[in-house]
Structures are given as C-alpha cells and as structure tokens.
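For reference, the structure discussed in these notes is given below.
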Amino acid sequence: MLYELRIYHVIPGRMQSILDRFRDGTITIFAKHHMKVTEFWVEADESTNRLYYVLEHRDLAAREQNFKAFQEDPEWLELKERTEQNGPLHEKIDVVYLKKADFFPDGVRN
C-alpha cells in the first residue's frame, strides 16, 4: 500500500471553500477513480492556512493511473471551474509518498 500525504497551502480566506469542495464533490470523484481518503486535518493554528489529507493507493502505478483519470474527469473539471470562479483556492500543494513501517501493526493505538 502506498500513502500519499497532500499538503495544501490554502489562499487566506478560502479554507472553508476548499473544505466545502472536498466535502461536496471531490471525495466522491476520488472514490470513482479508486482513490480512498483515509483522513483530513487542518492545523490547530488556523492562521497557517494549511490543509492535510492522506490518499491510499495500491502502488505508484495505480496512483498515477487513477490520478490522471481523476484530473481528466469532466465532473472534476466542472467542479474545479465552478469553485474557482473567484480565483484559486490554494497557492501550492506539497506531496509526500509514504509506506507503513513494518514494525507497527495495523490497529495499534496508544
């Protein structure tokens, strides 16, 4: 399993708009393209304007195939255009690919 941590540097004042877009459309479109969101976070210090989430992929090849299909999806393109009528929602996105450490079993919590 490959995990993709995505860090959005959100335009000040646009956090609620990007959260609404994920809630009301993006997550459903991700699912259509076999991209599972495992978690979302916003920083406790809201002035940072950063949004974090993790996607699960079978492997890097599946990630590339599924993300390409997502980016070309007419439903996504329409949603993006509609929600960015007043400008972009984020300045940049950082991406980190992760895999689980072998010593840490699933479901273990302290």
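What's counted below: heavy atoms across the whole structure, side chains too, no hydrogens, waters or symmetry copies.
Follow the hydrophobic side-chain contacts under 4.5 Å out from Phe30 and you never reach Met1; the two are in separate clusters. Placement of Ile11 and Phe22 in two distinct hydrophobic clusters is found when ILVMFWY residues are connected by side-chain heavy-atom separations under 4.5 Å, directly or transitively. Linking Ile, Leu, Val, Met, Phe, Trp and Tyr whenever their side-chain heavy atoms come within less than 4.5 Å leaves Val54 and Ile27 in two separate clusters. Hydrophobic clustering, with ILVMFWY side chains joined whenever heavy atoms are under 4.5 angstrom apart, keeps Leu5 apart from Leu55. Under the 4.5 Å side-chain heavy-atom criterion for Ile, Leu, Val, Met, Phe, Trp and Tyr, Leu19 and Val37 are members of the same hydrophobic cluster.
For Glu39, the CD atom counts as densely surrounded, since its 6.0 Å shell holds more than 12 non-hydrogen atoms of other residues, nucleotides or ligands. Counted within 6.0 Å of CD on Glu81, heavy atoms from surrounding residues, nucleotides or ligands total 12 or fewer; the atom is thus considered open. When the shell of 6.0 Å around NZ of Lys32 is examined, it contains more than 12 heavy atoms from other residues, nucleotides or ligands. Other residues, nucleotides and ligands contribute over 12 non-hydrogen atoms within 6.0 Å of the CZ atom of Arg23. The number of heavy atoms from other shown groups lying within 6.0 Å of NE2 (His90) is above 12. In the displayed structure, Gln71 atom CD is contacted under 6.0 Å by more than 12 heavy atoms of other residues, nucleotides or ligands.
Note that the OH atom of Tyr3 and the NZ atom of Lys36 stand 8.0 Å from one another [nearest 0.5 Å]. Rounding to the nearest 0.5 Å gives a distance of 9.5 Å between CD of Gln65 and CG of Asp59. To the nearest 0.5 Å, the span separating CZ on Arg6 from OH on Tyr97 amounts to 7.5 Å. Taken from CG in Leu2 to CZ in Arg58, the straight-line distance is 11.0 Å, to the nearest 0.5 Å. Expressed to the nearest 0.5 Å, how far OG1 of Thr83 lies from CG of Asp20 amounts to 10.0 Å.
Each of Tyr53, Trp41, Phe40 was evaluated against Tyr8; a single residue qualifies, Tyr53, per the ring pair (Phe, Tyr, Trp, His ring centres under 6.0 Å) test.
Scanning both residues, Glu91 and Pro12, for their nearest heavy atoms gives OE2-CD, 4.1 Å.
The shortest distance between side-chain heavy atoms of His9 and Asn49 does not fall below 4.5 Å. Annotation: side chain of Met15 is not in contact with side chain of Glu46 (no heavy-atom distance under 4.5 Å). Side-chain contact between Trp76 and His33 is absent, with no heavy atoms from C-beta onward closer than 4.5 Å.
Side chain to side chain, Glu43 and Tyr52 meet the donor-acceptor criterion of an N or O pair below 3.5 Å. Counted by atom type alone, Asn66 and His57 present zero donor-acceptor pairs between their side chains at under 3.5 Å.
Using modelled atom types, no side-chain atom of Arg21 and backbone atom of Leu89 make a donor-acceptor pair closer than 3.5 Å.
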